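Please read the structure below before turning to the comments.
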Amino acid sequence: MDKFILIDGNSIIYRAFFAMPPLTNSKGLHTNAVYGFTTMLLRLLEEHKPTHVMVAFDAGKVTFRHEGYQEYKGGREKTPPELSEQFPLLKELLQGFGIAQFELAGFEADDIIGTLTKRADEAGRQVLVVSGDKDMLQLASENVHIGLTRKGVTDIELYDPAQIKERYGLTPLQIIDLKGLMGDASDNIPGIPGVGEKTALKLLHQFGSVEEVLNGTGELKGKMKEKIEAHAEDARMSKQLATIHREVPLEQTWEDMQFDGLKEELAGPALAKLEFKSLLERLSFRASVVSEQEAVPAAAVESSIATEETISELFSSLESIDVLHVETHGDNPHQAKLIGLAVGSAGIYTFLSPELLQSDAAAPVREWLGNADQPKRGYDLHRVDLALHAHGIEFAGASFDVQLAAYLLDPTESNQTISGLTTKYGLPSLVEDDSVMGKGAKYRVPEADILGDFLCRKAAAVAAIIPLQEQALESNEMNALFHELEMPLSRILADMEKQGIKANTADLQALGSEFEENISRLMAEIYKLSGTEFNLNSPKQLGEILFDKLGLPVVKKTKTGYSTDAEVLEKLAPYNDVVKHILQYRQLAKLQSTYVEGLLKEISDKDGKVHTFYRQTIAATGRLSSQFPNLQNIPIRMEEGRKIRKVFVPSEPGWSILAADYSQIELRVLAHISDDERLKEAFVQDMDIHTKTASDVFGVKPEEVDGDMRRSAKAVNFGIVYGISDYGLSQNLHITRKEAAQFIDQYFEVFQGVRRYMDDIVKEARQDGYVKTLLERRRYLPEINASNFNLRSFAERTAMNTPIQGTAADIIKLAMVQMDEALRERKLKSRMLLQVHDELVFEVPADELELMKELVPSVMEKALELSVPLKAEVSYGENWYEAK
DNA sequence: TATATCACG
DNA sequence: ACGTACGTGATATAT
């Protein structure tokens with residue numbers, strides 16, 4: 001028998017706040033109300049063993065109650081900030097507990113619960129409602145029992161209709177009348193002045209309801225009669241206000257509240273983050289977080305500052321050292337400054353200044369850093385590798401990167417800093433970088449004693465974090481992903497970045513002059529046609545010219561004013577010739593500023609190359625991203641922009657640029673994970689997937705598919721990968737939503753396996769709170785159960801897209817690791833230079849060209865075996881443009 | 001520092 | 001009824 005618990009979140013957290021003594025965590029956040037709430041919740045879970053749990057929250061400042069009575073809840077003290085700051089903490093904790101949270105704009109928590117209990121009555125479900133508000137008694141029935149907090153929060157008194165009768169002599173519905181007569185100071189509901197609980201009960205026992213009391217005043221006498229007659233209207237309104245609304249348009253169902261028990265890997269960190277150590281212990285959750293911290297308290301970090309004299313002591317023990325922290329400054333690791341180095345193990349760390357590190361005396365330390373056989377654990381070792389390299393020091397042997405592990409454990413966590421991680425794992429907190437060094441223009445490297453101590457503490461924190469992450473990786477089955485894919489890849493990326501790709505400065509400048517001419521010409525023409533000179537780069541000024549001065553129709557608005565993006569301009573083009581010129585100007589201005597001027601700045605004086613930096617811990621799906629400059633968005637779609645690719649050339653004479661890209665990797669991945677027979681068949685036969693889709697969806701032979709049909713099918717395929725919606729597709733194809741919906745329906749009719757996948761993956765996300773790729777990469781989707789339609793829909797599309805995009809990312813990463821091995825094994829001179837999501841770019845000497853033309857696609861295609869073949873297409877030429 | 005725009009997969 | 005396609009980074013203004 002299912003057992004449901006519905007909790008009035010707002011009521012309980014208020015109760016808890018006032019019932020608990022103040023409590024703050026190490027960051028100074030108040031946590032007492034969350035603590036009280038949690039103890040109550042754990043008790044409920046233990047005592048009632050519910051199968052379904054839900055916590056309802058008030059949403060929106062104005063509820064329907066305010067419409068009739070503006071003073072509703074007026075006079076109530078504003079929620080103290082010490083409590084407000086705890087709402088997000090509570091919600092995050094509940095997320096970690098896997099407990100559903102419902103809220104609905106314009107309604108209060110008790111209305112949501114009222115609606116659900118009505119449904120429960122209709123369906124005969126056993127429900128326990130928990131609140132601190134006596135009003136809830138009006139919901140009681142045979143099926144619905146009410147638990148009210150007594151004194152604190154953990155002590156809960158249960159009521160069913162019989163117990164209400166016994167206590168008050170009233171039926172549940174009469175509880176509303178009770179409040180109508182006596183009012184409620186906390187909600188600013190007036191009732192009848194002078195009528196308290198005693199009088200109200202007496203009146204109700206005599207008359208039965210507010211209405212009958214008001215009708216029967218003849219039977220009363222004296223002061224009482226006067227007061228009731230004078231405040232009849234107040235009583236009626238009060239009753240109305242006290243009535244819980246039981247028909248809110250709630251979308252969620254009972255299944256959305258399913259509770260599968262606390263999962264240590266989710267609930268543990270959530271509790272640890274709040275520093276609820278006693279609760280962790282009570283749940284006997286692995287000291288994941290508690291005992292480790294006692295093993296390495298920050299206070300016990302022994303730090304010293306190495307000098308030329310003491311360094312010999314250090315290198316006598318270097319072999320046993322496996323933790324280091326290298327502090328750098330500057331976003332671009334190729335140009336980062338070295339601030340200092342801390343190395344050590346087991347709580348004893350030594351600081352080396354950059355000067356010392358470069359001294360003759362430190363030669364053994366540098367040898368140690370470059371020795372691949374000496375394992376090293378630390379934070380952001382990819383950046384460390386590049387920064388050291390830029391200062392002539394080689395780095396090898398990275399065995400555990402804390403930042404990379406943190407990314408795999410939660411790729412959307414925005415605070416991946418060491419300090420953020422100590423907080424997350426309930427370790428002794430670390431001072432923030434900013435407060436030691438300052439930030440931005442205020443950045444200052446502190447004196448050696450302070451800096452040394454700080455960096456040693458960071459190293460110690462890294463050492464303390466690692467065992468916790470190892471445990472988490474283990475329980476998430478991510479060991480292979482971490483040790484065999486991401487860690488090796490990190491070194492490969494560093495190699496690619498150090499290698500860089502040659503860019504021809506003169507050609508780029510020539511291209512710039514060509515663009516410049518056209519830009520000037522277009523500017524002059526635009527100023528002439530519009531009759532004004534203005535800053536064309538300012539969307540604001542452009543908007544004023546187009547819409548105010550020239551009176552063109554407004555198609556779309558941004559939150560700050562008129563929208564002037566390309567989509568809008570396309571629509572305006574027929575009205576005025578100036579618009580076409582603006583579109584062309586925009587295109588060239590983009591090429592000029594980002595790709596000519598921007599790229600020129602990034603070409604190194606030293607080697608004439610561009611050294612990008614791949615970020616391995618940013619994209620939520622597992623993709624890489626590229627910075628300084630971004631080499632993953634070099635133009636290709638438009639010929640003008642594509643010319644930029646001509647400047648990327650081999651770094652040695654006679655070599656070629658060779659590029660290989662996966663064909664339709666995302667749809668192939670989809671075919672595999674959805675196991676859709678039709679989609680798989682298409683790839684087994686190596687058909688043109690968009691034509692095939694069109695022929696299936698429109699029910700015509702492949703040779704009868706025309707350009708429009710193929711274009712539509714292509715858009716549908718894209719939509720499918722992105723997590724389709726009729727609206728999105730309609731925008732893309734410039735058709736109505738209805739037509740788009742029809743396309744989608746027809747698509748799913750044909751590709752039923754895909755439909756099943758889309759349904760299942762969303763269910764899975766709801767259940768687990770995350771989705772996974774083939775290689776067990778995870779992405780948490782905390783908003784999958786949100787009551788806000790937009791948030792929830794977004795999470796649903798993400799649930800559909802992430803396994804596809806993420807598995808494709810897994811595959812090309814595998815290919816990169818295997819390709820690196822293949823090049824080494826064969827002792828080839830060819831070098832892997834770039835990755836562009838589904839494409840790998842190499843530079844290849846002439847005598848290896850024939851081999852590489854076979855080897856690269858072969859490795860890519862075999863990177864991971866799926867139920868459909870993977871296909872990689874290779875091309876080469878004198879530059880990146882020709883390798884198409 | 002935020003917003004709008006646009007380059008890529 | 002709700003209002004968006006998924007994932008990034010760089011550039012220019014405007015604040």
Side-chain angles (χ1 to χ4, degrees), chain A residues 104-105 249 251 331 411-412 440 534-543 556-569 582-583 585-599 601-602 612-615 618-638 640-642 644-645 661-662 664-666 670 715-733 737 740 744 779 786-806 808-809 812 834-839:
Chain A
L104 196 60
E251 291 220 350
D331 288 333
T412 54
F534 59 100
N535 188 342
L536 251 176
N537 293 323
S538 162
K540 189 169 173 243
Q541 293 183 35
L542 177 62
K556 192 167 73 174
K557 294 198 128 199
T558 67
K559 62 175 118 175
T560 53
Y562 305 121
S563 170
T564 65
D565 66 20
E567 202 191 316
V568 169
L569 295 182
I582 294 170
L583 277 164
Y585 169 87
R586 278 260 177 91
Q587 201 192 351
L588 289 177
K590 179 81 175 183
L591 293 176
Q592 188 72 303
S593 68
T594 305
Y595 297 103
V596 176
E597 289 162 7
L599 217 43
K601 282 185 214 142
E602 297 289 346
T612 189
F613 173 53
Y614 288 106
R615 293 213 285 176
I618 291 297
T621 52
R623 277 189 175 183
L624 299 175
S625 87
S626 156
Q627 264 187 325
F628 320 129
N630 182 352
L631 292 183
Q632 292 183 317
N633 70 347
I634 303 300
I636 191 167
R637 294 173 192 168
M638 306 296 283
E640 274 304 286
R642 193 170 193 158
I644 299 281
R645 294 185 172 226
D661 68 305
Y662 280 112
Q664 301 299 347
I665 187 166
E666 292 188 336
L670 174 62
V716 172
N717 279 330
F718 267 92
I720 291 292
V721 169
Y722 292 158
I724 196 139
S725 75
D726 50 9
Y727 184 85
L729 183 64
S730 75
Q731 291 293 298
N732 193 291
L733 281 179
R737 234 173 85 175
I744 295 168
R779 178 173 182 179
S787 57
N788 178 309
F789 175 89
N790 281 329
L791 293 179
R792 192 176 61 248
S793 304
F794 188 25
E796 287 169 358
R797 291 195 297 275
T798 310
M800 300 184 225
N801 170 265
T802 293
I804 302 173
Q805 191 182 120
I812 194 162
L834 303 176
Q835 188 252 44
V836 194
H837 307 308
D838 65 354
E839 174 188 15

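None of the values given here were measured: they were computed from a predicted structure. All chains are named by letter (A, B, ...) in the order of the sequence lines, taking the proteins before the strands, and each is independently numbered beginning at 1.
Side-chain atoms of A:R792 come within 3.5 Å of backbone N or O of A:A786 as a donor-acceptor pair. A:Q835 places a side-chain N or O within 3.5 Å of a backbone atom of A:H837 that can act as its donor or acceptor partner. A donor-acceptor pair is defined here as one N or O able to donate and one able to accept, closer than 3.5 Å; such a pair exists between the side chain of A:R645 and the backbone of A:I634. No donor-acceptor distance shorter than 3.5 angstrom exists from the side chain of A:T612 to the backbone of A:F628, with no hydrogens or angles considered.
Contact detail for A:F534 and A:Q541: the closest heavy-atom pair is CB-OE1, 3.6 Å. Shortest non-hydrogen contact noted between A:G641 and A:L591 is CA-CD2, 3.5 Å. When all heavy atoms of A:V716 and A:I724 are compared, the closest pair comes out as O-CD1, 4.0 Å.
Residues forming a side chain to side chain donor-acceptor pair (under 3.5 Å) with A:E839 (at least two apart in sequence, or on another chain): A:W880. Contacts of A:R797 classified as side chain to side chain donor-acceptor pair (under 3.5 Å), with partners at least two apart in sequence or in another chain: none. With sequence neighbours left out, A:Q664 forms a side chain to side chain contact (heavy atoms under 4.5 Å, CB included) with A:L667, A:R668, A:F683, A:I689, A:H690. In this view, A:E796 and A:R766 satisfy the side chain to side chain donor-acceptor pair (under 3.5 Å) rule, not counting sequence neighbours. By the side chain to side chain contact (heavy atoms under 4.5 Å, CB included) test, A:S593 is found to be paired with A:E597, residues two or more places apart in sequence or in another chain being considered. Residues satisfying the side chain to side chain donor-acceptor pair (under 3.5 Å) criterion with A:N537, sequence neighbours excluded, are A:Y585. Residues passing the side chain to side chain contact (heavy atoms under 4.5 Å, CB included) test with A:D565 are A:K556, A:S563, A:E567, A:V568, sequence neighbours excluded. Residues satisfying the side chain to side chain contact (heavy atoms under 4.5 Å, CB included) test with A:N630, not counting sequence neighbours, are A:S626, A:Q632, A:N633.
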Check nucleotides 10-12 of chain C against the protein and report each pair of N or O atoms closer than 3.5 Å, with its distance, or say if there are none.
{"from": "C:dA10", "atom 1": "OP1", "to": "A:F628", "atom 2": "N", "distance (Å)": "2.9"}

Paired and unpaired positions of DNA chain C as dot-bracket, Watson-Crick or G-U wobble under 3.5 Å, | denoting a partner strand: .....|||||||||.
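Put simply, CG on A:N788 is 18 Å from P on C:dA1, counting in whole angstrom units. Between A:F718 atom CZ and C:dC6 atom P the separation is 14 Å, expressed in whole Å. Whole-Å rounding puts the A:I724 CD1 to C:dT4 P distance at 17 Å. Computed from coordinates, the A:N732 CG to C:dC6 P distance equals 12 Å when rounded to whole Å. Atom C1' of nucleotide C:dT15 and atom NZ of A:K559 are separated by 14 Å, given to the nearest angstrom. For the pair A:E567 CD and C:dA5 C1', the interatomic distance rounds to 12 Å; values are reported in whole Å. What separates OH of A:Y727 from P of C:dG3 is a distance of 10 Å, to the nearest Å. In this structure, A:I618 atom CD1 and C:dC6 atom P are separated by 19 Å, rounded to whole Å.
Here A:F794 does not pack flat against the base of C:dT4, since the 5.5 angstrom centre distance and 30 degree tilt limits are not both met. Under the stacking criterion of a centre-to-centre distance below 5.5 angstrom and an interplanar angle below 30°, A:Y722 sits stacked against the six-membered ring of C:dC6.
With a heavy-atom cut-off of 4.0 Å to chain A, the contacted part of DNA chain B has its first and last nucleotide at B:dT3 to B:dG9.
Across the interface with DNA chain C, nearest-nucleotide mapping of A:G723 and A:P249 shows A:P249 to be the residue nearer the 5′ end.
Nucleic acid contact class of A:A566 (heavy atoms, under 4.0 Å, all strands): sugar-phosphate only. The residue A:R737 sits close to a base: some heavy atom pair falls under 4.0 Å. Looking at heavy-atom distances under 4.0 Å, A:A620 makes contact with sugar-phosphate atoms alone, never a base.
Considering only side-chain atoms of A:T621, the nucleotide from C:dG9, C:dG7, C:dG3 that sits closest is C:dG7.
Side-chain atoms of A:S793 stay outside donor-acceptor range of the base of C:dT4, with no qualifying N/O pair under 3.5 Å.
Interface residues of residues 797-806 of chain A facing DNA chain C, ordered by number: A:R797, A:T798, A:N801, A:Q805; criterion, heavy-atom separation under 4.0 Å.
If you take atom P in B:dT5 and the same atom in C:dT4, they sit 15 Å apart, rounded to whole Å.
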